[in-house]
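Notes for the one structure printed next.
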Amino acid sequence: MKRNLLISFLALVATIILMWWQESALVTPQSPKGIIDLEFAKTPAKLQQLQFFWNHETVLQNIYLDFLFIAAYTWFLFTACKAVKNSESNLFSGLTVSAAAFDVLENFLMILVWNERFSPAILQVVFYVAATKFFLIVIVIGYLILSLFGLFKRESVL
């Protein structure tokens, strides 16, 4: 388990570095948060502003790379939840997978909107899917932090 946790952590760090490097082209005065500004665009006007300042292919590359990041953070958080070994670990492992599912849906919707295959009105859905994903991830990370401090009882192994 410890080896799996270490390898998944290294994969997560590698994808974070890759995403940070690739996303730097999307950080502008109009979009200081990079791709997160698209995730939370919410309006067609904001989408048009981003389309004006961003390179179309760079955005698509970022979204496609995000699928690797989703796999990496899901693997790490799932493994970390299982390493806690308490009665809540299955619940929080499931929340990790749910967050990943929301993230995949969000990416597909962003690709469709960015390629003008869907109405920009769907940005409202993207906004709420992204918010749900982040909420679930924060809950899982909070659980892991609280578990580190012993606030969740470990199951006894007989």
Side-chain angles (χ1 to χ4, degrees), residues 1-44 46-84 89 91-118 120 122-148:
M1 180 63 80
K2 288 181 184 180
R3 182 174 183 221
N4 230 2
L5 191 59
L6 176 63
I7 293 170
S8 65
F9 178 73
L10 294 174
L12 176 62
V13 170
T15 56
I16 286 172
I17 292 169
L18 177 63
M19 294 290 294
W20 175 76
W21 172 77
Q22 195 278 337
E23 186 183 23
S24 64
L26 301 178
V27 176
T28 68
Q30 292 73 29
S31 57
K33 296 175 187 162
I35 199 71
I36 292 176
D37 285 317
L38 177 58
E39 292 174 354
F40 290 107
K42 232 178 165 184
T43 65
K46 180 65 177 177
L47 174 65
Q48 288 173 343
Q49 180 186 27
L50 295 173
Q51 287 174 323
F52 183 75
F53 288 100
W54 284 351
N55 176 283
H56 184 82
E57 291 304 314
T58 303
V59 172
L60 291 177
Q61 286 172 354
N62 186 270
I63 295 171
Y64 294 136
L65 284 174
D66 191 44
F67 287 107
L68 289 175
F69 179 64
I70 294 167
Y73 81 69
T74 303
W75 182 23
F76 172 71
L77 292 175
F78 188 88
T79 304
C81 287
K82 290 297 186 181
V84 171
S89 66
L91 169 67
F92 288 95
S93 296
L95 290 178
T96 298
V97 173
S98 297
F102 277 102
D103 207 351
V104 168
L105 174 62
E106 170 197 320
N107 282 357
F108 281 125
L109 292 174
M110 285 193 310
I111 289 168
L112 291 172
V113 170
W114 191 255
N115 285 326
E116 299 176 353
R117 304 242 190 262
F118 241 28
I122 204 72
L123 288 171
Q124 291 284 326
V125 175
V126 173
F127 174 87
Y128 289 109
V129 169
T132 303
K133 166 197 72 176
F134 282 117
F135 178 73
L136 292 173
I137 290 170
V138 165
I139 288 173
V140 172
I141 291 171
Y143 161 74
L144 292 171
I145 291 169
L146 293 174
S147 294
L148 283 174

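Along the sequence shown, residues are numbered consecutively beginning with 1.
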* Would you name the heavy atoms of Pro32 and Asp37 that are closest together and state the gap between them? => N-OD2, 3.2 Å

* Asked: For the residue pair Trp114 and Trp54, does the interplanar ring angle fall in the parallel (under 30°), tilted (30 to 60°) or perpendicular (over 60°) class?
  -> tilted

* To do: State, to 0.1 Å, how close Ser8 and Trp75 come at their nearest heavy-atom pair, and which atoms those are.
  => CB-CD2, 3.5 Å

* Hey, does Thr43 have a side-chain heavy atom less than 4.5 Å from the side chain of Leu123? -> no

* **Leu91 side chain near Tyr143 side chain, heavy-atom distance below 4.5 Å** => no

* **Enclosure of Phe67 CZ (heavy-atom neighbours >12, cutoff 6.0 Å)** => yes

* **Crowding at CZ, Phe127 (>12 non-hydrogen neighbours, <6.0 Å)** => yes

* Closest non-hydrogen atom pair between Asn107 and Ile70, with its separation -> ND2-CD1, 3.4 Å

* Asked: Which heavy-atom pair separates Leu77 from Leu144 by the least distance, and what is that distance?
  -> CD2-CD1, 3.7 Å

* Might you point out which heavy atoms bring Cys81 and Val140 nearest each other, and give the distance in Å? => SG-CG1, 3.7 Å

* After noting the C-alpha distance and the side-chain angles of Leu65 and Phe69, does the key distance pass the side chain to side chain contact (heavy atoms under 4.5 Å, CB included) rule? -> CA-CA 7 Å; Leu65 284 174; Phe69 179 64; over 6 Å; no

* Report the distance from atom CG of Leu50 to atom OG1 of Thr28, rounding to the nearest 0.5 Å. => 7.5 Å

* Check: Gln22 side chain, Thr58 main-chain N or O, donor-acceptor pair, under 3.5 Å -> yes

* Asked: Just how far is it from atom CE of Met110 to atom CD1 of Ile63, taken to the nearest 0.5 Å?
  -> 4.0 Å

* Asked: Do Thr15 and Asp66 come close enough that some side-chain heavy atom pair is under 4.5 Å?
  -> no

* State whether the side chain of Asn55 and the backbone N or O of Glu57 hold a donor-acceptor pair below 3.5 Å, judged by distance alone. => yes

* Structure fact -> Here the gap from Phe76 atom CZ to Thr79 atom OG1, rounded to the nearest 0.5 Å, amounts to 8.5 Å

* Mark yes or no for whether Gln124, through its side chain, and Lys42, through its backbone, hold a donor-acceptor pair below 3.5 Å. => yes

* To do: Check Glu106 against Val126 and note the closest heavy-atom contact, atom names and distance.
  => CG-CG1, 4.1 Å

* Asked: With side chains defined as the heavy atoms from C-beta onward, is the minimum distance between Leu95 and Ile139 less than 4.5 Å?
  -> yes

* Go through the steps for Leu60 and Asn115 under the test side chain to side chain contact (heavy atoms under 4.5 Å, CB included), then give the verdict. => CA-CA 9 Å; Leu60 291 177; Asn115 285 326; 3.6 Å; yes

* To do: Before giving the answer on side chain to side chain contact (heavy atoms under 4.5 Å, CB included), spell out for Leu26 and Asn62 the whole-Å C-alpha distance, their side-chain angles and the decisive distance to 0.1 Å.
  => CA-CA 9 Å; Leu26 301 178; Asn62 186 270; 3.9 Å; yes

* **Between CG on residue Leu5 and CG on residue Leu10, distance to nearest 0.5 Å** => 9.5 Å

* Taking the six-membered ring for Trp, are the ring centroids of Phe40 and Tyr128 within less than 6.0 Å of each other? -> no

* Asked: Are any non-hydrogen side-chain atoms of Lys46 and Gln51 less than 4.5 angstrom apart?
  -> no

* Pair Ser93-Thr96, side-chain donor/acceptor within less than 3.5 Å -> no

* To do: Show your working on side chain to side chain contact (heavy atoms under 4.5 Å, CB included) between Lys2 and Leu6 and close with a plain yes or no.
  => CA-CA 6 Å; Lys2 288 181 184 180; Leu6 176 63; over 6 Å; no

* Asked: Once you round to the nearest 0.5 Å, how far does CZ of Phe134 lie from CD1 of Ile141?
  -> 10.0 Å

* Rounded distance (nearest 0.5 Å) linking atom CD of Glu23 with atom CD of Gln61 -> 13.0 Å

* **Polar side-chain atom of Ser31 near backbone of Gly34 as donor-acceptor pair, under 3.5 Å** => no

* To do: Without swapping roles, check the side chain of Gln30 against the backbone of Phe53 for a donor-acceptor pair under 3.5 Å.
  => no

* Asked: Is Lys33 paired with Glu39 through a side-chain N to carboxylate O contact shorter than 4.0 Å?
  -> no

* Donor-acceptor pair between Asp103 and Tyr73 side chains, under 3.5 angstrom -> yes

* **Donor-acceptor pair, side chain of Ser24 and main chain of Trp21, under 3.5 angstrom** => yes

